[in-house]
Amino acid sequence: MHNDIKEILFTKQEIDLMVHRIASQINEEFEGEELIAVVILKGSMMFAADLVRCLTVNVKLDFLQASSYGSGTQSSGVINIKKDIDSDISGKNVLLIEDIIDSGNTLSLLKKEMQSRGAKTVKIASLLSKPDRRVVNVEVEYIGTEIPDEFVVGYGLDMDEKYRQMDYIGILKPEVYM
Ligand code: IMP
Ligand code: MG
């Protein structure tokens, strides 16, 4: 597994710092309020698990899985909700938790969907962002860091379901997916 990694981008410690910084921002902004944290499966499970444990505001957890027909390292741009949340979010503060924003298609669709269900606020926390790849403009309130246009894995991020278990984030060797 580790042999497939070209370069370590962020160590466990560096990820931890980003997560704590995002949590402080959210704790400050939502002090005294309640949040419904919507974990976007499967990629953001590690980030979400670490993030919510740093939150001091009251959080309810829910889960959603979106699928974007396609495999390998390219998404098709056609997104649908494969597994929906159970919660009634009308009048609630929703925090969408995502691993990485790439084209922006997924988060743009999900944000609109949550708004159309009557959420009071819909904010987004994404650990990583690839600004060079953006096709749809989406406002992301909380970002861990921006990264260049390279395919990364680890800390929940996968390539064909592999590498999610790594506790660091690394750039995959191109020959692994070519
Ligand atoms: P978007 O809809 O194009 O913004 O795609 C976001 C989704 O694509 C993320 O939730 C990831 O599942 C996946 N993705 C995009 N870039 C990467 C990457 O570098 N590594 C692993 N997954 C990625
Ligand atoms: Mg994902």
Side-chain angles (χ1 to χ4, degrees), residues 8-66 81 83-115 117-131 133-134 136-148 150 152-158 163-171:
I8 296 177
L9 261 192
F10 306 109
T11 62
K12 189 177 190 290
Q13 288 72 23
E14 289 168 327
I15 295 169
D16 218 48
L17 284 176
M18 293 191 257
V19 173
H20 277 89
R21 201 196 64 235
I22 293 175
S24 311
Q25 289 174 269
I26 295 171
N27 285 333
E28 203 169 299
E29 212 160 309
F30 287 95
E31 200 189 333
E33 292 189 65
E34 193 184 87
L35 263 183
I36 300 191
V38 175
V39 182
I40 304 173
L41 299 171
K42 301 171 189 171
S44 72
M45 45 116 25
M46 307 278 183
F47 172 45
D50 287 339
L51 181 69
V52 298
R53 281 181 289 178
C54 299
L55 295 180
T56 51
V57 293
N58 286 325
V59 178
K60 288 183 177 170
L61 278 178
D62 212 326
F63 301 87
L64 182 149
Q65 188 167 15
I81 296 178
K83 186 240 169 277
D84 208 338
I85 52 172
D86 306 319
S87 322
D88 177 4
I89 57 165
S90 69
K92 304 284 171 61
N93 297 309
V94 171
L95 177 72
L96 291 168
I97 304 181
E98 178 64 301
D99 49 3
I100 186 165
I101 174 165
D102 188 38
S103 69
N105 284 317
T106 308
L107 283 170
S108 156
L109 173 120
L110 294 180
K111 187 169 190 171
K112 282 188 198 128
E113 180 61 29
M114 298 301 127
Q115 283 165 339
R117 294 181 192 182
K120 182 174 146 197
T121 61
V122 183
K123 301 228 165 156
I124 298 174
S126 182
L127 183 65
L128 305 176
S129 170
K130 286 183 193 169
R133 299 259 309 168
R134 210 59 41 86
V136 192
N137 201 40
V138 199
E139 195 188 338
V140 183
E141 287 79 7
Y142 315 104
I143 292 185
T145 187
E146 294 187 341
I147 62 165
E150 302 233 44
V152 295
V153 294
Y155 194 65
L157 290 146
D158 75 310
Y163 311 104
R164 293 195 198 275
Q165 73 202 78
M166 298 179 347
D167 67 2
Y168 63 93
I169 294 171
I171 299 173

Taking every non-hydrogen atom, the tightest pair across [X] and [Y]:
X	Y	value
A125	I22	CB-CG2, 4.4 Å
G104	V138	O-CG2, 3.5 Å
I26	L95	CD1-CD2, 3.7 Å
V57	F30	CG1-O, 3.2 Å
L157	V152	CB-O, 3.9 Å

Please list all pairs meeting salt bridge (Lys or Arg N to Asp or Glu O under 4.0 Å) that have one or both residues in residues 13-22, counting only residues at least two apart or in different chains. none

Suppose the criterion is salt bridge (Lys or Arg N to Asp or Glu O under 4.0 Å): which pairs have a residue in residues 43-64, not counting sequence neighbours?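 Salt bridge (Lys or Arg N to Asp or Glu O under 4.0 Å) check on residues 43-64 returns E34-K60, D50-R53.
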
Would you give the length of the straight line joining atom [atom1] of [X] to atom [atom2] of [Y], rounded to the nearest 0.5 angstrom?
X	Y	atom1	atom2	answer
K12	I169	NZ	CD1	12.5 Å
I81	L64	CD1	CG	5.0 Å
M114	L107	CE	CG	10.5 Å
M166	M46	CE	CE	10.0 Å
L17	F10	CG	CZ	11.5 Å
K130	I147	NZ	CD1	5.5 Å

Go through the structure and list residues passing salt bridge (Lys or Arg N to Asp or Glu O under 4.0 Å) with [X], not counting sequence neighbours.
X	result
E146	none
R134	none
K111	E141
D167	none

Could you check whether any side-chain heavy atom of [X] comes within less than 4.5 Å of a side-chain heavy atom of [Y], counting everything from C-beta outward?
X	Y	result
D99	L128	no
D158	Y163	no
L127	M18	yes
S103	R133	no
E98	F47	no
N58	L35	no

Are the side chain of N27 and the backbone N or O of C54 linked by a donor-acceptor pair below 3.5 Å?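 Side chain of N27 to backbone of C54: a pair is present.
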
Residues in side-chain contact (heavy atoms from CB on, under 4.5 Å) with [X], at least two apart?
X	result
A37	V52, V59, L61, I97
S24	none
V140	I101, I124, S126, I143
K120	E33, N93

E29: which residues meet the side chain to side chain donor-acceptor pair (under 3.5 Å) condition with it, sequence neighbours left out?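 In terms of side chain to side chain donor-acceptor pair (under 3.5 Å), with neighbours along the sequence ignored, E29 is linked to K123, Y142.
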
Should the heavy atoms of other residues, nucleotides or ligands under 6.0 Å from NZ of K83 be counted, would the total exceed 12? yes

Check each of V122, L96, L110 against V38 using the side chain to side chain contact (heavy atoms under 4.5 Å, CB included) test, and report the only one that passes.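 Filter result, single survivor: L96.
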
Y168: what forms a ring-ring contact (aromatic ring centres under 6.0 Å, His included) with it, not counting sequence neighbours? H2

